[in-house]
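Inspection log for the structure reproduced underneath, given as structure tokens.
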Amino acid sequence: MGGNQTWISEVTLLGFQVDPALEYFLFGLFSLFYAFTLLGNGAILGLICLDPRVHTPMYFFLSHLAFIDMSYASNNVPKMLANLLSKKRTILFIPCITQMFLYLALAITECLILVVMSYDRYLAICHPLRYSAIMSWRLCITLAVTSWVCGSLLALVLVVLLLRLPFCGPHEINHFFCEILSVLKLACADTQLNQVVIFAACVFILVGPLCLVLVSYTCILFAILRIQSREGHRKAFSTCSSHLCVMGLFFGSAIVMCMTPKSSHPEEQQKVLSLFYSLFNPMLNPLIYSLRNAEVKGALQRALCKERSM
């Protein structure tokens, strides 16, 4: 194969193929959602950093989740917004690959952080007397670093396998960002190995962790039912319900996007699913935690009272 077919300098992101008037509306709507995402997750991150009362393992992992959500949205949304206002929707191939790597790394890391958060809640509710001894800060840092390293390494494997392929025209990606399966369609060689590895990674990083989360929360449910006091019931359900909502949004949308057969979901519908996963989830997560978690609301009230007294 000729050298001019093995590498491409830039690609075109087709994005949402709608009327120009609707593009301006979508630009305004998505800009608003993006601003709420940064504001909400930034507020959660700031409250956790500034309030000593929430310097606990659970909020340590929640701060990682907020940072991931901010990074996740910032990786995809700004380019999507720029393309909604521009007729030239090209992106250089190296930034495209970088965007793909960050998207995969952040998604996998978020999945692992959610599993760690379910393990933290399992220890706190099922083994409260041993919780402080087991969930030490050393273990918290180890779990967080392991999640980031595993997410980055698995994403790197997927990207390296993609880059070994030769690419040829047309240099158009029918998506609003460099999603790995869409980029894979540009290859002019056998991509069966890539598809098998991507499917295996989806099973490993979604189905496996989901089973661990379900086992953890099944044990938590039985432990909560054994609690005698109403206050204990209320506090446990308040904390766990917010976790379950966030995990349901993440795993539900991810499994639908990755595991649903292509024949039943046209490409435009896949874009909507990706948008839900890239923008709506990061926007909703801080809202869920602020409304369902008494400690987060308490930290916000203390921050507001401190601001007024200054």
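Model, not experiment: these values are computed from the prediction.
- Aromatic ring orientation, Phe16 versus Phe30: tilted (interplanar angle from 30° to 60°).
- For the side chain to side chain contact (heavy atoms under 4.5 Å, CB included) with Thr191, the qualifying choice from Val196, Leu181, Ile198, Leu184 is Leu184, the only one to do so.
- Between Val11 and Phe93, the closest side-chain pair of non-hydrogen atoms falls below 4.5 Å.
- Ile141 and Leu139 fall within the same hydrophobic cluster, where Ile, Leu, Val, Met, Phe, Trp and Tyr residues are linked whenever their side-chain heavy atoms come under 4.5 Å apart, directly or through other members.
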Fill in: Working for side-chain contact (heavy atoms from CB on, under 4.5 Å), residues Tyr119 and Ile134
CA-CA 11 Å; Tyr119 174 65; Ile134 298 175; 4.1 Å; yes
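- Under the 4.5 Å side-chain criterion, counting only non-hydrogen atoms from C-beta, Met247 is not in contact with Leu210.
- Looking at Asn76 and Tyr103, their side chains come closer than 4.5 Å, going by heavy atoms from C-beta outward.
- With sequence neighbours left out, the side-chain contact (heavy atoms from CB on, under 4.5 Å) criterion links Leu249 to Phe276, Asn281, Leu284, Asn285, Ile288.
- Every side-chain contact (heavy atoms from CB on, under 4.5 Å) that Leu102 has, sequence neighbours left out, goes to Asn75, Thr98.
- The shortest side-chain heavy-atom distance between Leu275 and Met80 falls under the 4.5 Å cut-off.
- The cluster map of Ile, Leu, Val, Met, Phe, Trp and Tyr, joined by side-chain heavy atoms under 4.5 Å apart, puts Leu14 and Leu22 in different clusters.
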Throw together a table of side-chain donor-acceptor distances under 3.5 angstrom for residues 143-167, partners on residues two or more places apart or in other chains.
unit_1 : atom_1 : unit_2 : atom_2 : d
Thr146 : OG1    : Thr142 : O      : 2.6
Ser147 : OG     : Leu143 : O      : 2.9
Trp148 : NE1    : His64  : ND1    : 3.1
Ser152 : OG     : Trp148 : O      : 2.9
Arg164 : NE     : Leu161 : O      : 3.3
Arg164 : NH2    : Asn194 : OD1    : 3.2

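- Put simply, the side chain of His55 gets close to the backbone of Ile48: a donor and an acceptor are under 3.5 Å apart.
- Pairing of Cys178 with Cys96 by a disulfide is supported, the SG atoms lying closer than 2.5 Å.
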Discussion item. Checking Glu10 against His171 for the side-chain contact (heavy atoms from CB on, under 4.5 Å) test, could you report, in this order, the C-alpha distance in whole Å, the side-chain angles of both residues, the deciding distance, and whether it holds?
Written reply: CA-CA 7 Å; Glu10 65 179 22; His171 302 161; over 6 Å; no
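- Across all non-hydrogen atoms, the minimal contact from Cys219 to Cys126 is O-SG, 3.6 Å.
- Between Val116 and Leu112 there is no side-chain heavy-atom pair separated by less than 4.5 Å.
- Pro282 and Ser278 get closest at one heavy-atom pair: CG-O, 3.3 Å.
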Practice prompt. Mind running side-chain contact (heavy atoms from CB on, under 4.5 Å) on Phe67 and Leu106 for me, showing each step along the way?
Written response: CA-CA 10 Å; Phe67 177 78; Leu106 290 168; 5.7 Å; no
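- Ser118 contributes atom OG, which lies 11.0 Å from atom CD1 of Ile113 (distance to the nearest 0.5 angstrom).
- You'll find the side chain of Tyr59 stays beyond 4.5 Å of the side chain of Ile44, heavy atoms only.
- Residues Leu38 and Ser74 have side chains in contact (heavy-atom distance under 4.5 Å, counting atoms from C-beta outward).
- With sequence neighbours left out, the side-chain contact (heavy atoms from CB on, under 4.5 Å) criterion links Phe27 to Ser31, Leu81, Leu84, Leu85.
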Practice prompt. Show your working on side-chain contact (heavy atoms from CB on, under 4.5 Å) between Phe177 and Ile91 and close with a plain yes or no.
Written response: CA-CA 9 Å; Phe177 74 103; Ile91 180 173; over 6 Å; no
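- Residues Glu23 and Leu26 are not in side-chain contact: their nearest non-hydrogen atoms beyond the backbone lie 4.5 Å or more apart.
- Annotation for Phe36: atom CZ does not count as buried by contact number, only 12 or fewer foreign heavy atoms lying within 6.0 Å.
- With sequence neighbours excluded, the residues satisfying side-chain contact (heavy atoms from CB on, under 4.5 Å) with His127 are Tyr122, Leu123, Arg130.
- With respect to Ile68, the side chain to side chain contact (heavy atoms under 4.5 Å, CB included) criterion is satisfied by exactly one of Thr109, Asn41, Leu114: Thr109.
- Residue Phe280 qualifies as enclosed at atom CZ: its count of foreign heavy atoms under 6.0 Å is above 12.
- Phe251 and Leu214 fall within a single hydrophobic cluster, where Ile, Leu, Val, Met, Phe, Trp and Tyr side chains are chained together by heavy-atom contacts under 4.5 Å.
- Residues Met283 and Thr37 come closest through the heavy atom pair CB-OG1, 3.2 Å.
- Residues passing the side chain to side chain donor-acceptor pair (under 3.5 Å) test with Glu179 are Ser182, sequence neighbours excluded.
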